[in-house]
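Taking it in order: structure first as structure tokens, then the write-up.
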Amino acid sequence: MAAELFKNKEFSEVYHKYMIPMSSKVVDLILTYVEDKMGKPFKLAVDVGCGTGNSSRKLAAHFQEVIGADTSESQLNVARSCTSENITCILSPSESLPLEDNSVDLLNASLAVHWFDVERFMQEAARVLKPGGCLALSSWLLKTEIYYKDHSETLTNIFNEAVRHISKYSVKILEHMKSEYETIFEAVPFSDKERINDILEIYPVTVTNLLGLIQALYLYQEFLEEDRKEALMFLQNVEKRFLDALGENDFHATMEVHLKHVCVLACKPILHA
């Protein structure tokens, strides 16, 4: 079901417009790690589960070549519409990439690896990464705090209660996120690895952005597929709760959302003869 929903054109457009972007702090962390392990120049980065290309574009400024891979043609079409010249988008599952052995400097998955067949993906990572090549797996966590005047606690509760309500539609995926990628970290087959789970990013948002983010979550899209009328009523109710909390004067105000991100980094060993 997840794969089919991500192929939906309407969902791809909502995802592109409202999904939280890859953390700039995470990008800097990855680049520092790759430079430490491999040095410069940065040649080939492969962004698996690239979606509409946000993380591919962020990596493209630092790598000679970036390949964005996804199983959704509709998401790739959005990505292709706003890519730079050194990005190539391909239709491919993360567990079976059309790449040569030992060819990739960085294999990246941003807000994506929890959708994969993790065991098979790790095998593929071990195959395509160069000796000394790097693996980066990141996501934002379900620890959301919203700050605005004296309404912060109420706004935070409204958003988090909404996410909890729709969380029943994807229990397995949430296990990875609730563990703060500990389960992903344990699955990485390389001994040289680390997990950083206290990366805080602050984003300016409006109520429209928050409602859009809920719609950009696969959890909500599953809800929409199962009971469209109920899902739309649910979203309207969330909007009304925000309005009641803020009042009409502040309903369109810019707030701050504080999100924690996690990043798992690993390096494929260099085997000496």
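Counting heavy atoms from C-beta outward, Glu239 and Leu235 have side chains that stay 4.5 Å or more apart. Considering only heavy atoms from C-beta on, Asn209 comes within 4.5 Å of Thr206 through its side chain. The side-chain heavy atoms of Thr156 and Thr144, taken from C-beta on, include no pair separated by under 4.5 Å. Residues Val257 and Leu213 form no side-chain contact, since every pair of their non-hydrogen atoms from C-beta on lies 4.5 Å or further apart. Residues Leu265 and Leu29 are in side-chain contact: their nearest non-hydrogen atoms beyond the backbone lie under 4.5 Å apart. No side-chain heavy atom of Tyr220 sits less than 4.5 Å from a side-chain heavy atom of Glu225. Using a 4.5 Å heavy-atom cutoff, the side chains of Pro189 and Gln123 are not in contact. Counting heavy atoms from C-beta on, the side chains of Tyr148 and His151 come closer than 4.5 Å.
In terms of modelled atom types and a separation under 3.5 Å, the side chain of Ser81 and the main chain of Val78 share a donor-acceptor contact. The main-chain N or O of Gly53 is found under 3.5 Å from a side-chain atom of Arg57 such that the two form a donor-acceptor pair. Under the 3.5 Å distance criterion, the side-chain polar atoms of Glu194 are left unmatched by any main-chain donor or acceptor of Val264. One N or O on the side chain of Asn54 and one on the backbone of Met22 form a donor-acceptor pair closer than 3.5 Å. Checking side-chain atoms of Lys25 against main-chain N and O of Glu201 turns up no donor-acceptor pair under 3.5 Å. Lys193 places a side-chain N or O within 3.5 Å of a backbone atom of Phe185 that can act as its donor or acceptor partner. For Lys268 (side chain) and Pro131 (main-chain N/O), no donor-acceptor pair under 3.5 Å exists by modelled atom type. Side chain of Tyr18 to main chain of Glu13: no donor-acceptor pair is present (N/O by atom type, distance under 3.5 Å, no hydrogens or angles). Looking only at distances, a side-chain donor or acceptor of Glu95 sits under 3.5 Å from a matching main-chain atom of Asp117. Looking only at distances, no side-chain donor or acceptor of Asn108 sits under 3.5 Å from a matching main-chain atom of Ser55.
A salt bridge is absent between Lys260 and Asp198: the closest approach of a Lys/Arg side-chain nitrogen to an acidic carboxylate oxygen does not fall below 4.0 angstrom. Lys178 has no carboxylate O lying under 4.0 Å from a charged side-chain N of Glu175, or vice versa, which leaves the two without a salt bridge. A salt bridge does not link Lys43 with Glu65: none of the charged nitrogens is closer than 4.0 Å to a carboxylate oxygen.
Leu59 contributes atom CG, which lies 10.5 Å from atom SG of Cys50 (distance to the nearest 0.5 angstrom). The CD1 atom of Ile87 lies 8.5 Å from the SG atom of Cys82; values are rounded to the nearest 0.5 Å. Atom OG of residue Ser74 and atom CG of residue Leu76 lie 8.0 Å apart, to the nearest 0.5 angstrom. One distance of note links CG of Leu107 with CG of Leu44; it measures 9.5 Å at 0.5 Å rounding. Rounding to the nearest 0.5 Å gives a distance of 10.5 Å between CD of Glu145 and CD of Glu153. Remark: Arg80 CZ to Gln75 CD distance equals 12.0 Å, nearest 0.5 Å.
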Residue pair Lys143, Glu180: steps toward the salt bridge (Lys or Arg N to Asp or Glu O under 4.0 Å) verdict: CA-CA 10 Å; Lys143 291 184 175 180; Glu180 299 187 0; 2.5 Å; yes
Step-by-step side-chain contact (heavy atoms from CB on, under 4.5 Å) determination, His261 to Leu141: CA-CA 6 Å; His261 295 253; Leu141 299 171; over 6 Å; no
His176/Thr183 under side-chain hydrogen bond (donor to acceptor under 3.5 Å, both in side chains): CA gap, chis, key distance, verdict: CA-CA 6 Å; His176 291 308; Thr183 52; 2.7 Å; yes
Check against side-chain contact (heavy atoms from CB on, under 4.5 Å), Val262 and Ile196: CA-CA 6 Å; Val262 61; Ile196 305 95; over 6 Å; no
Candidate pair Tyr33 and Glu35, rule side-chain hydrogen bond (donor to acceptor under 3.5 Å, both in side chains), full reasoning: CA-CA 5 Å; Tyr33 186 83; Glu35 183 172 6; over 6 Å; no
His114 and Leu111: CA distance, side-chain angles, deciding distance, side-chain contact (heavy atoms from CB on, under 4.5 Å) verdict: CA-CA 7 Å; His114 44 265; Leu111 200 63; 4.1 Å; yes
From CA spacing to verdict: side-chain contact (heavy atoms from CB on, under 4.5 Å), Arg164, Asn160: CA-CA 6 Å; Arg164 281 196 296 271; Asn160 288 334; 3.8 Å; yes
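Taking all atoms of both residues into account, the shortest heavy-atom contact from Ser56 to Gly68 is OG-CA, 4.0 Å. When all heavy atoms are compared, the tightest approach of Leu97 to Arg127 is O-NH2, 3.0 Å. Between Ala60 and Asn86, the shortest heavy-atom distance links the atoms O-ND2, 2.9 Å. Residue Val188 comes nearest to Leu137 through the heavy atom pair CG2-CD1, 4.4 Å, listed as atom of the first residue, atom of the second, then distance. Minimum interatomic distance between Tyr181 and Ser139 (heavy atoms only, all atoms of both residues): OH-CB, 3.4 Å. The two atoms that bring Leu91 and Glu73 nearest to each other are CD2-OE1, 3.6 Å, heavy atoms only.
Between the side chains of Asn157 and Thr154, not a single donor N or O lies within less than 3.5 Å of an accepting N or O.
By the 6.0 Å contact criterion, CD on Glu119 is open, its count of non-hydrogen atoms from other residues, nucleotides or ligands being 12 or less. Within 6.0 Å of CD in Glu182 there are more than 12 heavy atoms belonging to other residues, nucleotides or ligands.
Neither Val48 nor Val26 shares a network with the other; the hydrophobic side chains, linked directly or stepwise wherever heavy atoms of I, L, V, M, F, W or Y lie under 4.5 Å apart, form separate groups for each. Cluster annotation: Val128 is not connected to Met38 through the hydrophobic network of ILVMFWY side chains, with a link wherever side-chain heavy atoms come within less than 4.5 Å. By the rule that hydrophobic residues join a cluster once side-chain heavy atoms approach within less than 4.5 Å of another member, Phe121 and Leu129 end up as members of one cluster. Criterion: ILVMFWY side-chain heavy atoms under 4.5 Å apart, direct or through other members. Under it, Ile90 and Trp115 are part of a common hydrophobic cluster. Transitive grouping of hydrophobic side chains (ILVMFWY, heavy atoms separated by less than 4.5 Å) brings Leu155 and Val238 into a common cluster.
You'll find the ring centres of His258 and Tyr203 outside the 6.0 Å limit. Aromatic pair Phe223/Phe234: centroids less than 6.0 angstrom apart.
Among the candidates Val14, Thr52, Leu217, the single residue satisfying the side-chain contact (heavy atoms from CB on, under 4.5 Å) test with Met19 is Leu217. Of the listed residues (Val34, Val27, Thr32, Asp28), just one forms a side-chain contact (heavy atoms from CB on, under 4.5 Å) with Ile30, and that residue is Val34.
Lys240 forms no cation-pi arrangement with Phe242, by the criterion of a distance under 6.0 Å to the ring centre and an angle within 45° of the ring axis.
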